[in-house]
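Just so it is clear, the values below take in all heavy atoms, side chains as well, and ignore hydrogens, waters and symmetry mates. Numbered from 1 within each chain, the chains take letters A, B, ... in sequence-line order. All of these numbers come straight from a predicted model, not from anything done at the bench.
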Amino acid sequence: MKLLLRGGRVVDPASGINTVTCVLVEEGKIVALGEIPGEEGDASDTKVIDCTGKIVCPGFIDLHAHLREPGYEYKEDILTGSRAAAAGGFTTICAMPNTNPVVDNGAVAGYVARRAREVGIVNVLPIGSITKGQAGEELSEMAELVQAGCVAVSDDGKPVMRSDIMRHALDYAGMFDVPVLSHCEDINLSADGQMHEGFRSTVYGLQGIPAEAEEIMVSRDAMLAKLTGGRLHICHVSTMGSLDIIRRAKAEGVRITCEVTPHHLTLTDEAVGSYDADTKVNPPLRSEGHVAALREAVVSGLVDCIATDHAPHHIESKDCEYGNAAFGISGFETAIAVIMDRLVHTGVLQLSKAVALLTSGPARILGIEKGTLTPGRTADITIIDPDEVRTVDPGHFYSKGKNTPYKGMQLRGWPWMTIVGGRIVFKEGSVMEMKL
Amino acid sequence: MSFETRKDLLGLKDLSREEIELILDTAVPMKDVIRREIKKVPALRGKGMITVFYENSTRTRTSFELAGKYLSADTSNLAVSTSSVQKGESLKDTIKTIEMMGPDILVMRHSMSGAPHYVARNTKMRVINAGDGTNEHPTQALLDLFSIRERKGTLEGLKVAIVGDILHSRVARSNIYGLSKFGCEVRVVGPSTLMPPEIERLGVRQYFDLKEGISGVDVINVLRIQRERQHVGLFPSLEEYAELYMLRPNHLGLANDGAILLHPGPMNRGIEISTELAEGPNTLVNEQVTNGVAVRMALLFLMMGGRRDEIAA
Ligand SMILES: [Zn+2]
Ligand SMILES: [Zn+2]
């Protein structure tokens with residue numbers, strides 16, 4: 001059975017393609033890119049999909065997501081997370097290790113990988129923890145984690161506060177050539193903060209989290225990456241100062257990359273004024289100056305990828321007082337629409353650039369052979385309908401996490417079809433389960 | 001001008017000057033009611049008011065209760081555990097339970113900013129914010145405004161210094177919002193570690209020096225300092241705080257003639273205010289307590305659809 005995607009605009013930044021053409025898929029692989037001779041399309045064993053008016057991209061990769069399984073299945077599990085990812089246009093997602101138990105050994109990493117294969121909707125790559133139990137005291141057995149399939153290490157959810165441990169982590173992880181994904185936050189400075197520290201934290205009467213709580217750690221980690229030669233990736237960069245530090249470090253040749261989230265690119269701390277806990281996220285939504293700097297850095301190429309930091313929560317952790325609410329945004333199912341509506345359609349970001357940040361960008365950081373439509377590669381493909389207009393309704397999310405600050409907003413440009421390994425896993429608004 | 005279109009009273013931030021004036025004007029005859037032999041008007045007969053305080057404040061709660069009772073409302077208080085709001089029943093469930101009992105007005109105090117806003121969105125009851133975290137304490141500011149206006153005859157153009165822990169003070173914020181709407185010049189005075197970020201963007205001036213801050217002012221509003229702030233490293237000791245910021249009798253000479261002193265109470269004598277001043281003739285602390293009841297009566301009355309001209313002066 002062949003799959004012919006015909007008539008769509010094919011955008012594959014890795015190979016510099018941005019034109020209306022065809023993609024031919026066979027046996028789960030991309031076999032041809034370009035004008036496909038008529039007879040191929042007419043053959044009875046070829047399923048032709050009319051992609052006219054759509055954008056055909058390499059499958060989107062999200063290197064920062066929380067799937068919550070094992071341990072917090074009431075927030076999300078690998079099945080619901082996979083469905084949500086497919087509906088959001090993601091073909092490969094990386095699962096952060098802050099589960100219960102923590103993914104700090106091969107057995108738990110193996111469980112996540114195995115469970116994801118059973119579910120079989122999208123590719124789920126586990127991330128192992130930097131330290132045992134994410135306690136920040138002793139390194140995890142990284143050789144074993146990598147052996148079990150982990151593509152990176154991270155203590156995300158909390159920072160590695162001890163500089164000596166972070167130094168050793170960068171050093172040691174370097175032996176396996178996996179990046180260390182760093183959640184940069186000086187927890188003594190962020191303390192009990194609820195939102196970005198600035199004029200609005202004064203007006204809303206909420207304790208602030210200064211930009212420096214992030215920047216101090218970005219600065220420290222950049223120095224340690226320089227010292228060790230290790231591969232450092234900064235998670236969810238949210239401030240102007242962090243960008244300056246990363247720019248300088250890159251110029252010095254430090255092996256440093258970074259991601260930004262759709263919410264930090266499109267929302268400001270003004271949203272917190274409603275005291276709607278769906279706006280509560282860590283790092284917090286920042287003020288206009290920071291958002292502008294992030295946008296500029298995405299356009300200039302300083303930012304290496306866009307990641308959702310999909311952080312689903314149970315309704316009870318969000319439908320409450322702001323101060324009692326959990327941090328996090330359920331991001332899979334709005335990410336692409338937010339990027340399309342707020343950044344691409346508004347002219348802030350070129351479409352091909354946006355696609356690169358969701359495909360070749362994260363693939364390069366992870367060192368995986370994905371993120372391009374080059375013939376011979378696995379057929380992971382995301383097709384976007386750039387003109388579909390829909391209102392965000394968390395009630396219709398596949399994710400268990402309904403926590404989105406975009407609820408009720410009308411957005412233009414949504415995932416239309418998601419193909420993983422040549423199989424259609426999402427189309428016409430529905431996730432297709434594998435027939436067992 | 002009426003309050004019919006306004007369901008809740010969550011802060012002075014979003015009240016207009018006219019609305020504030022209406023409350024203050026209505027509080028004038030209410031104060032007369034308090035002074036009467038028979039302190040009872042039938043304005044709110046058949047209406048129910050409930051107070052829920054997630055943070056202890058017997059005086060504010062009692063003030064609301066009496067205000068309701070003087071207006072013939074049926075008042076009650078729901079005792080909630082203040083030890084930890086995180087444990088036990090969710091706020092949403094508690095509010096639902098209260099709503100099912102049928103009161104018209106919910107008066108709420110909470111340690112978390114925005115909690116009354118959250119509740120207001122989730123209930124049909126009219127919500128009055130009796131203080132939320134470090135956000136607002138609108139009725140305290142209203143009673144401060146009333147007290148100042150009563151003594152000074154006007155609010156227009158007055159110079160007001162608010163002294164103390166501005167960072168954690170909802171009283172300071174509500175006062176800033178309220179006073180600014182009447183063209184007052186507002187100053188905030190206190191240690192730099194207890195100043196909120198970018199506070200001057202609210203149109204106030206900050207002073208770290210007490211004497212400088214109170215020079216030439218008409219009103220000094222002294223805030224209560226809390227010991228916990230020292231423990232998180234915001235200032236070295238209460239002794240040093242008192243040394244730098246305690247208001248003493250000799251300070252009054254720096255202010256304008258006839259300057260008045262306010263304090264939301266309860267006072268820490270010898271820390272933020274000297275004992276001599278606490279009892280001085282220009283200190284309105286006791287008057288503020290009476291005015292608090294009057295202002296809360298006015299607010300309850302207006303929120304339940306009352307009109308200023310219905311109440312005899
Ligand atoms: Zn994080
Ligand atoms: Zn995260």
Side-chain angles (χ1 to χ4, degrees), chain A residues 74 186-213 239 268-280 284-290 313-327 402-403 405 407-408, chain B residues 10-14 54-55 84-96 108 110-122 129 131-138 166-174 176-177 188 195-204 206 228 232-234:
Chain A
Y74 62 96
D186 181 324
I187 55 172
N188 297 316
L189 270 181
S190 56
D192 297 322
Q194 304 290 318
M195 67 174 291
H196 173 60
E197 179 178 302
F199 178 61
R200 290 196 180 107
S201 66
T202 293
V203 175
Y204 305 155
L206 290 167
Q207 192 173 327
I209 301 173
E212 287 75 7
T239 80
T268 67
D269 55 351
E270 190 177 12
V272 179
S274 61
Y275 299 104
D276 174 357
D278 286 341
T279 63
K280 184 171 168 179
L285 300 176
R286 303 286 184 184
S287 54
E288 283 78 358
H290 292 289
H313 282 290
H314 191 267
I315 175 101
E316 278 170 19
S317 316
K318 284 293 192 178
D319 190 11
C320 61
E321 304 90 321
Y322 208 86
N324 274 341
F327 289 94
K402 313 299 180 193
N403 45 304
K407 58 182 174 286
Chain B
L10 302 176
L12 295 197
K13 210 180 293 178
D14 46 1
Y54 283 91
E55 206 180 57
S84 171
V85 288
Q86 263 162 317
K87 291 193 189 113
E89 193 178 47
S90 76
L91 179 56
K92 192 173 191 176
D93 287 346
T94 306
I95 298 309
K96 190 63 120 183
M108 184 179 154
H110 203 288
S111 61
M112 288 181 179
S113 302
H117 306 66
Y118 166 77
V119 167
R121 268 204 303 277
N122 283 291
N129 180 4
D132 66 321
T134 52
N135 182 42
E136 284 224 46
H137 192 350
I166 311 297
L167 178 62
H168 299 96
S169 178
R170 51 194 173 215
V171 175
R173 282 177 178 73
S174 288
I176 291 169
Y177 299 131
V188 288
M195 284 293 172
E198 303 181 44
I199 183 72
E200 293 197 332
R201 283 179 63 187
L202 285 176
V204 305
Q206 62 179 5
E228 303 97 87
V232 295
L234 288 165

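- A salt bridge does not link A/D278 with A/K402: none of the charged nitrogens is closer than 4.0 Å to a carboxylate oxygen.
- The candidate from B/R170, B/E200, B/K13 with the greatest count of non-hydrogen atom pairs under 4.5 Å with chain A is B/K13.
- Both the backbone and the side chain of B/R201 come within contact range of chain A, each with at least one heavy atom under 4.5 Å from a heavy atom of that chain.
- For the 3.5 Å distance criterion, the side chains of B/E136 and B/S174 qualify, holding a donor opposite an acceptor.
- The backbone N or O of B/D93 lies less than 3.5 Å from a partner atom in the side chain of B/S90, making a donor-acceptor pair.
- Ring planes of A/Y322 and A/Y275: perpendicular class, angle over 60° (limits at 30 and 60°).
- Using a 4.5 Å cut-off between heavy atoms, B/R121 touches chain A through its side chain atoms alone.
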